[in-house]
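Below, each value reflects all heavy atoms present in this structure, side chains not excepted, and no hydrogens, waters or symmetry copies. First the proteins, then the strands, lettered A, B, ... as listed; each starts at 1. This is a predicted model, so every value here is computed, not measured.
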2 protein chains.
Amino acid sequence: MDTKVGKRGGYHHGDLRQAMIDAAEAVLAEKGVGGFTLRECARRAGVSPAAPAHHFGNLVGLLTAIATLGFDDLSQTMEAAIAKAEASGGDRLAAICEGYLAVALTRPGRFRVVFGRLGLKSGDDDLRRAAVRAFGILVRETKLALGREVDADVLMRLPSSYGDDADLAEILFVWSITHGFSTMLIDGQLAPLEMQPGGRERLIALYSGRLMEMLLAAVRASTPKPLANPASHG
Amino acid sequence: MDTKVGKRGGYHHGDLRQAMIDAAEAVLAEKGVGGFTLRECARRAGVSPAAPAHHFGNLVGLLTAIATLGFDDLSQTMEAAIAKAEASGGDRLAAICEGYLAVALTRPGRFRVVFGRLGLKSGDDDLRRAAVRAFGILVRETKLALGREVDADVLMRLPSSYGDDADLAEILFVWSITHGFSTMLIDGQLAPLEMQPGGRERLIALYSGRLMEMLLAAVRASTPKPLANPASHG
DNA sequence: CCATTAAACTTGACGCCGTTAAGATAACGC
DNA sequence: GCGTTATCTTAACGGCGTCAAGTTTAATGG
C-alpha cells in the first residue's frame with residue numbers, strides 16, 4: 001500500500017497527481033481563479049515547477065482535471081438533492097437548481113474553472129463524460145417536470161443530440177436561470193444587493209423561494225409539448 | 001484642434017488614453033480576454049509598456065475603462081431595442097433581453113471584462129454610474145412589464161436600494177435568464193448544441209422565441225405583486 | 001520670449017509566470 | 001543485480017505587470 005501512495009520524502013513524490021489536484025483546490029479556495037498559478041500549486045505540493053508537466057502536460061491539463069471534479073461534484077450534489085427532495089416531498093427540479101447554486105457557492109473558484117472562459121482540454125474524455133452526465137441530469141429532470149417519460153440512456157446521450165429535442169427550450173430556460181443566478185452571485189454582480197446584513201442569505205432565499213416558484217410555474221405552463229416522438233407507445 | 005488629439009509622431013502620443021482603449025478593444029476582439037495583456041496593447045498603441053501607467057494606473061484601470069464602455073454599450077443597445085420594439089409593436093422587456101444577448105455576441109471579449117471575475121476598480125465612479133444606468137433600465141422595464149408605475153429616478157437609484165424592492169424576484173428572474181443564456185453561449189457551454197449547421201442561429205432564435213415567451217409569461221403570471229409601497233397615491 | 005514647472009513617455013530592472021531541455025534519481029521488470 | 005523507464009530537479013528562455021529613475025515635450029507664467 002505504500003508503494004504508490006503517500007509522500008516518500010525523497011526524490012519521488014509518490015502521488016503527485018493527487019497532491020497537485022489537492023493543492024490546486026486549496027489555491028482556488030484561497031485566492032480564487034485569479035491568483036491561481038501552476039508554480040504555486042507545485043510549491044504547495046513540494047515539487048519543482050516542472051514536475052507537474054509529466055502528469056498533466058501543462059496548466060490546461062491541470063485545469064481540465066479540476067473541471068472534471070467540478071462536473072462530478074455537480075452531478076453528485078444534484079442527485080443527492082433529488083434524493084432529499086424525493087424524501088421530503090420537495091420538487092425535484094427545484095432541488096437540482098438549488099444544488100447547482102450550492103456547488104457554485106461552496107467552491108466558487110472551481111466553479112469558475114468549470115464554466116469560465118479559461119481554455120480546457122476540449123478532447124479530454126473524462127471531462128466530456130463528466131459534463132455529459134451533469135447535463136443529462138438537468139435534461140432528465142426538466143423532462144420529468146414536463147411530464148415526459150424518460151428513457152434510461154438520457155444520461156449518456158451527447159448534448160449535440162439534443163439539437164432537435166422538443167424540450168430544448170425548457171431545458172435551456174431552466175439552465176439559464178440557474179447558471180445565470182449562480183454566476184452573478186459568485187462573480188459579484190449582485191454584491192450591491194448584498195450590502196445589508198444577511199444580504200446574501202436573503203438572495204439565496206429569494207432564489208429558492210420566489211424564483212423557483214416562477215421557474216416551476218413557467219415550465220409547467222409551457223406544456224404545449226408538441227410531443228416530437230410520435231412512436232411513443234402506440 | 002491639434003493641440004491634444006492625434007499622434008504627434010514624437011515623444012508624446014497626443015491621446016494615448018483613447019489609443020490604449022482602442023488597442024484593448026482590438027486585442028479583446030482578436031484574442032479574447034485570455035490573450036489580453038497590457039504590453040500587447042501598449043505595443044499596438046506604439047508606446048512603451050510603462051506608458052499606460054500614467055493614464056490608467058495599472059492593468060485593472062484599463063480593464064475598468066473597458067468595462068465602463070461595456071456598460072454604456074449595454075445601456076445604449078437596450079434603449080435602442082426598446083425604441084425599435086415600441087415602433088414595431090414588439091415587447092419592450094423581450095427587446096432588452098435580446099439586446100443584452102446581442103451585446104454579448106457582438107463583443108464577447110469585452111462582455112467578459114464587464115462581467116467576468118477579473119477584478120475591476122470597485123471604487124471607480126464612471127464604472128458605477130454606467131453600471132447603475134444599465135441595471136436601472138432592466139429594473140424599469142421589468143417593473144413596467146409588471147404593470148408598475150415607474151418614477152423617473154429609477155435609472156439613478158443605487159442597486160443597494162433595491163434590496164427590499166417588492167419586484168426584486170422578477171428582476172432577478174429576468175436578469176438571470178438573460179445573463180445566463182448570454183454567458184453560456186459565449187463561453188462555449190452550448191457549443192455541443194451548435195454542432196449542426198446554423199446551430200448558433202437556431203439557439204438565438206430559440207432564445208428570442210420560446211424562451212422569451214416563457215419569460216414574459218412567467219413575469220406576467222407572477223403578478224400577485226403585493227404592492228409594498230402603501231403610501232402610493234393615497 | 002524665455003525659464004520654470006508639470007506632464008508624458010522611455011529605459012532598465014525586478015520578480016513572477018508557463019514551458020522546455022537536459023540531467024539526476026528512484027522504482028520496476030527481468 | 002541490472003537495464004529500462006517513469007519521475008523529478010536544475011537551469012534557462014521569453015513574456016508578463018510594475019516600479020524607479022531619467023529624458024523629452026508641453027504648458028505655464030512672468
Side-chain angles (χ1 to χ4, degrees), chain A residues 1-24 27-28 30-66 113 116-121, chain B residues 1-24 27-28 30-66 113 116-121:
Chain A
M1 182 173 289
D2 56 351
T3 58
K4 295 189 81 74
V5 193
K7 55 182 55 180
R8 215 73 57 75
Y11 205 98
H12 282 22
H13 184 287
D15 193 6
L16 180 56
R17 183 183 165 86
Q18 189 58 47
M20 281 295 297
I21 289 178
D22 294 343
V27 172
L28 283 172
E30 286 178 33
K31 313 190 178 181
V33 71
F36 180 86
T37 68
L38 191 66
R39 287 179 110 104
E40 169 74 11
C41 296
R43 228 173 278 134
R44 300 203 183 198
V47 296
S48 79
H54 221 286
H55 297 273
F56 299 98
N58 53 15
L59 175 62
V60 173
L62 175 57
L63 290 176
T64 301
I66 299 292
V113 171
R117 87 270 142 275
L118 306 149
L120 304 179
K121 278 171 63 181
Chain B
M1 181 172 287
D2 55 352
T3 58
K4 294 189 82 77
V5 194
K7 54 182 56 179
R8 215 73 58 78
Y11 206 97
H12 282 21
H13 184 287
D15 193 7
L16 180 56
R17 184 184 163 85
Q18 189 57 46
M20 281 295 297
I21 290 179
D22 293 343
V27 172
L28 283 173
E30 286 177 33
K31 314 191 177 180
V33 71
F36 180 86
T37 67
L38 191 65
R39 287 179 111 105
E40 169 74 11
C41 296
R43 228 172 278 134
R44 299 204 184 197
V47 296
S48 80
H54 222 286
H55 297 272
F56 299 99
N58 54 13
L59 175 63
V60 173
L62 176 56
L63 290 176
T64 302
I66 300 293
V113 170
R117 87 271 143 272
L118 306 148
L120 304 179
K121 279 172 64 181

What is the distance, to the nearest angstrom, from the [atom1] atom on [X] to the [atom2] atom on [N]?
X      : N       : atom1 : atom2 : result
D15(A) : dA6(D)  : CG    : P     : 17 Å
F56(A) : dG18(C) : CZ    : P     : 14 Å
M20(B) : dC9(C)  : CE    : C1'   : 13 Å
E40(A) : dG15(C) : CD    : C1'   : 14 Å
L16(B) : dT10(C) : CG    : C1'   : 13 Å
N58(A) : dT20(C) : CG    : P     : 7 Å

Of the candidate nucleotides [options], which contains the atom at the shortest distance from the side chain of [X]?
X      : options                  : result
H55(A) : dC16(D), dT7(D), dG18(C) : dT7(D)
V47(A) : dG17(D), dA20(D), dT9(D) : dT9(D)
L59(B) : dG17(D), dC17(C), dC9(C) : dG17(D)
R39(B) : dA13(C), dC9(C), dT10(C) : dA13(C)
L38(A) : dA8(C), dT18(D), dG18(C) : dG18(C)
A53(A) : dG17(D), dT20(C), dT9(D) : dT20(C)

Which atom pair, heavy atoms only, marks the closest approach of V27(B) to E40(B)?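 Where V27(B) meets E40(B) most closely, the heavy atoms are CG2-CG, 3.7 Å.
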Counting C-beta onward and ignoring hydrogens, is there a side-chain heavy-atom pair between [X] and [Y] closer than 4.5 Å?
X      : Y      : answer
L62(B) : H55(B) : no
R17(B) : D15(B) : yes
F56(A) : I66(A) : no

Side chain to side chain donor-acceptor pair (under 3.5 Å) against R39(A), all qualifying residues, sequence neighbours excluded: none
Within the pair [X] and [N], is there a side-chain N or O less than 4.0 Å away from OP1 or OP2?
X      : N       : value
H54(A) : dT7(D)  : yes
R43(B) : dC16(D) : yes
S48(A) : dC8(D)  : no

